[in-house]
Amino acid sequence: QVQLVESGGGLVQAGGSLRLSCAASGGTFSSYVMGWFRQAPGKEREFVAGISWSGGSTIYADSVKGRFTISRDNAKNTVHLQMNSLKPEDTAVYFCNAGVTLWSMKPGDSWGQGTQVTVSS
């Protein structure tokens, strides 16, 4: 099973940007559909963005469309989430996930430990 480690979270003002990274090891990264999920305090974990194994297909939650961009580098076993025009409601712990089902936006079995993103107003 693939192991995932996220990085890049932090505190940013509303309107700012952050780039999250997820490094994978222990599996065949290029065969996994990858995704990002987030969980705010008191709320359920929700889908944010997903990317196909080749990077040719991406899907986003409506709340982040036009502001977030997911990408991957199969040569480096990494997936990224570029987050622009951040809003206070984007504050959450962001999790990387491997094995996402894109059409249903459901997660696979492999999760990272999460990285905190806090957006101040």
Side-chain angles (χ1 to χ4, degrees):
Q1 193 171 9
V2 65
Q3 288 80 48
L4 305 171
V5 178
E6 302 95 336
S7 61
L11 173 64
V12 64
Q13 288 188 332
S17 298
L18 281 175
R19 186 176 190 241
L20 305 184
S21 296
C22 173
S25 62
T28 306
F29 178 76
S30 60
S31 69
Y32 287 97
V33 176
M34 298 297 297
W36 289 93
F37 291 73
R38 68 186 181 186
Q39 188 166 18
K43 295 187 178 181
E44 292 188 355
R45 194 170 298 188
E46 65 176 1
F47 174 83
V48 175
I51 187 166
S52 63
W53 62 269
S54 69
S57 296
T58 57
I59 187 169
Y60 298 91
D62 287 344
S63 59
V64 307
K65 279 181 184 176
R67 301 188 297 121
F68 291 11
T69 303
I70 189 171
S71 62
R72 67 188 297 161
D73 185 338
N74 287 343
K76 296 182 179 179
N77 290 358
T78 55
V79 61
H80 304 284
L81 185 68
Q82 178 66 43
M83 306 185 295
N84 298 329
S85 302
L86 283 161
K87 304 175 181 180
E89 51 263 44
D90 294 319
T91 295
V93 178
Y94 283 71
F95 296 90
C96 181
N97 181 269
V100 175
T101 303
L102 279 183
W103 67 267
S104 65
M105 297 181 283
K106 297 296 185 184
D109 294 333
S110 297
W111 293 96
Q113 83 288 352
T115 186
Q116 176 71 47
V117 171
T118 303
V119 184
S120 64
S121 58

- Task: For the residue pair Phe37 and Trp111, categorise the inter-ring angle as parallel (less than 30°), tilted (30 to 60°) or perpendicular (more than 60°).
- Result: perpendicular
- Taken to the nearest 0.5 Å, the spacing of Thr78 OG1 from Leu20 CG works out to 12.5 Å
- Note on the structure: Closest non-hydrogen atoms of Met34 and Leu4, given as atom of the first, atom of the second and distance, are CE-CD2, 4.0 Å
- Between Phe29 and Lys76, is any pair of side-chain heavy atoms under 4.5 Å apart? no
- Item | Close side-chain approach of Val33 to Thr101, heavy-atom, < 4.5 Å | no
- Task: Kindly say whether Gly108 contributes a backbone atom to a donor-acceptor pair with the side chain of Asn97 at under 3.5 angstrom?
- Result: yes
- Message: Quick check for you: to the nearest 0.5 Å, what is the distance between Gln82 atom CD and Arg67 atom CZ?
- Response: 12.0 Å
- Item | CD1 on Ile51 to OG on Ser71, rounded to 0.5 Å | 6.0 Å
- Query: Would you say the side chain of Lys106 lies within less than 4.5 Å of the side chain of Val100, judging by non-hydrogen atoms?
  - Reply: no
- Do Met83 and Ser17 touch side chain to side chain, with heavy atoms closer than 4.5 Å? no
- Task: Any chance you could measure Ser31, atom OG, to Asn74, atom CG, to the nearest 0.5 Å?
- Result: 9.0 Å
- Are Phe95 and Ile59 connected, step by step, through hydrophobic side chains (Ile, Leu, Val, Met, Phe, Trp, Tyr) whose heavy atoms are closer than 4.5 Å? yes
- Item | side-chain hydrogen bond (donor to acceptor under 3.5 Å, both in side chains) partner of Tyr94, the single match among Gln39, Gln116, Glu6, Arg38 | Arg38
- Pairs satisfying salt bridge (charged side-chain N to carboxylate O under 4.0 Å, His left out), at least one member in residues 109-119, at least two apart: none
- Is there side-chain contact between Phe68 and Asn84, with heavy atoms separated by less than 4.5 Å? no
- List the atom of Tyr60, the atom of Thr58, and the distance in Å for their closest heavy-atom pair. CE1-OG1, 3.6 Å
- Distance, nearest 0.5 Å, that separates CZ of Arg72 from OG of Ser54: 8.0 Å
- Value rounded to 0.5 Å, distance of CD in Glu46 from CH2 in Trp36: 14.5 Å
- Query: Is there side-chain contact between Val12 and Thr118, with heavy atoms separated by less than 4.5 Å?
  - Reply: no
- For Gln13 and Ser120, does a side-chain donor sit closer than 3.5 Å to a side-chain acceptor? no
- Hey, mind stepping through Lys65 and Asp62 against salt bridge (Lys or Arg N to Asp or Glu O under 4.0 Å) and telling me if it holds? CA-CA 5 Å; Lys65 279 181 184 176; Asp62 287 344; 3.1 Å; yes
- Note on the structure: Heavy atoms of Pro88 and Ala14 approach each other most closely as CD-CB, 4.1 Å
- Item | Side-chain H-bond candidate by donor/acceptor type, Ser21 with His80, under 3.5 Å | yes
- Heavy-atom count around Trp53 CH2 within 6.0 Å, excluding the residue itself: above 12? no
- Kindly indicate whether the side chain of Leu81, heavy atoms from C-beta on, has any atom under 4.5 Å from the side chain of Arg19. no
- Query: What's the shortest heavy-atom distance between Phe47 and Ala61, and which atoms?
  - Reply: O-CB, 3.5 Å
- Query: Shortest non-hydrogen contact from Leu86 to Leu18?
  - Reply: CD1-N, 3.8 Å
- Query: So do Val79 and Cys96 actually touch side chain to side chain, heavy atoms under 4.5 Å?
  - Reply: yes
